[in-house]
Amino acid sequence: MRRRVVCLGLLFLTTPSLFGWGREGHRLIAQIAAQHLNAKARAEVHKLLAGGTLESIASWADEVRPQRRETSTWHFIDIPLDIPRGDWKPYCPKTGCVLAMIPEMESRLRNRNLAQRDRAEALKFLVHLVSDMHQPLHVGEKHDRGGNDVRVLFFSKASNLHSTWDSGILDRAESQNAGLKAALGRKAGFFERRRLAKGTVEDWAWQSRDVARDVVYGLLPEGRPASLGDQYFTKAVPATELQLRRAGVRLGRVLNETLGQ
Ligand SMILES: [Zn+2]
């Protein structure tokens with residue numbers, strides 16, 4: 001999603017980049033997660049969403065942002081690329097950030113004294129925020145509004161770095177390989193699941209920051225607009241795919257831990 005919208009005119013002009021990973025990325029992550037839910041978590045999701053699916057609500061948090069201005073900082077955290085892993089709290093504003101809101105939504109979702117409507121909303125935020133956190137530019141950045149200010153030519157088409165990582169890379173990869181999204185949305189096998197689901201929410205954020213440092217910016221050519229072609233794309237595709245798989249498997253784990261026990 002476009003993280004900080006400066007004015008409504010800009011919002012209007014850049015609507016396609018509003019939706020985080022892009023709607024497709026969020027949908028894929030939710031699709032992967034849904035296949036990993038245990039029976040109890042699946043029943044809880046079904047009840048809280050009144051029969052709706054995780055996929056159907058995966059982009060809801062982006063859609064309500066214009067009406068819910070207080071939620072706008074929840075989708076990301078700006079961690080510098082060059083600091084060691086450790087304390088992220090200095091980078092989390094008082095209005096909240098993705099690393100503060102994920103545990104908050106987990107605890108609301110666990111709290112069965114809350115109204116069903118509030119727990120349903122917590123579920124929608126949780127699904128979206130775990131997903132957003134795996135878009136590297138929602139965690140790491142270089143004082144450029146998460147890459148929104150970095151002009152690029154992605155295969156000669158004018159764009160910005162954030163939007164390229166939200167959807168440009170995935171869309172182009174899909175256009176070259178029609179089965180890609182179906183393959184990306186598949187259920188993980190035992191070993192992949194065990195490997196990807198390890199760690200804590202904080203570990204996952206630092207890992208996402210490292211992908212921003214090593215791939216998103218690390219391989220970015222000098223010069224603006226940065227000219228991104230095959231050389232960048234061939235490295236960006238596997239990084240994107242891995243972040244989507246990680247997000248899906250981990251979201252499944254988070255939901256099982258909050259709703260399936
Ligand atoms: Zn978002």
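Counting starts at 1 for both ligands and their atoms, in listed order. The first residue of the sequence shown is numbered 1, and numbering continues consecutively from there. These numbers come from the heavy atoms of this one structure, side chains and all, not from hydrogens, waters or symmetry mates.
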Give a yes or no on whether H128 keeps an N, O or S atom under 2.8 Å from the Zn ion (ligand 1).
yes

Can you tell me how the ring of W204 sits relative to the ring of H134, calling it parallel under 30°, perpendicular over 60° and tilted otherwise?
tilted

So does H26 have any N/O/S atom less than 2.8 Å away from the Zn ion (ligand 1)?
no

Give the name of the N/O/S atom in H75 that lies closest to the Zn ion (ligand 1).
ND1

Given side chains that start at C-beta, do those of R85 and E202 come closer than 4.5 Å, heavy atoms only?
no

Near-ring test H138/H75, centroid separation under 6.0 angstrom:
no

min-distance N/O/S atom, D132 vs the Zn ion (ligand 1), resolves to OD2

Do we see a donor-acceptor contact under 3.5 Å between the side chains of Q243 and R246?
yes

Side chain to side chain contact (heavy atoms under 4.5 Å, CB included) assessment of L109 paired with E44
CA-CA 10 Å; L109 195 51; E44 282 279 314; over 6 Å; no

Among the N/O/S atoms of D62, the Zn ion (ligand 1) lies closest to OD1

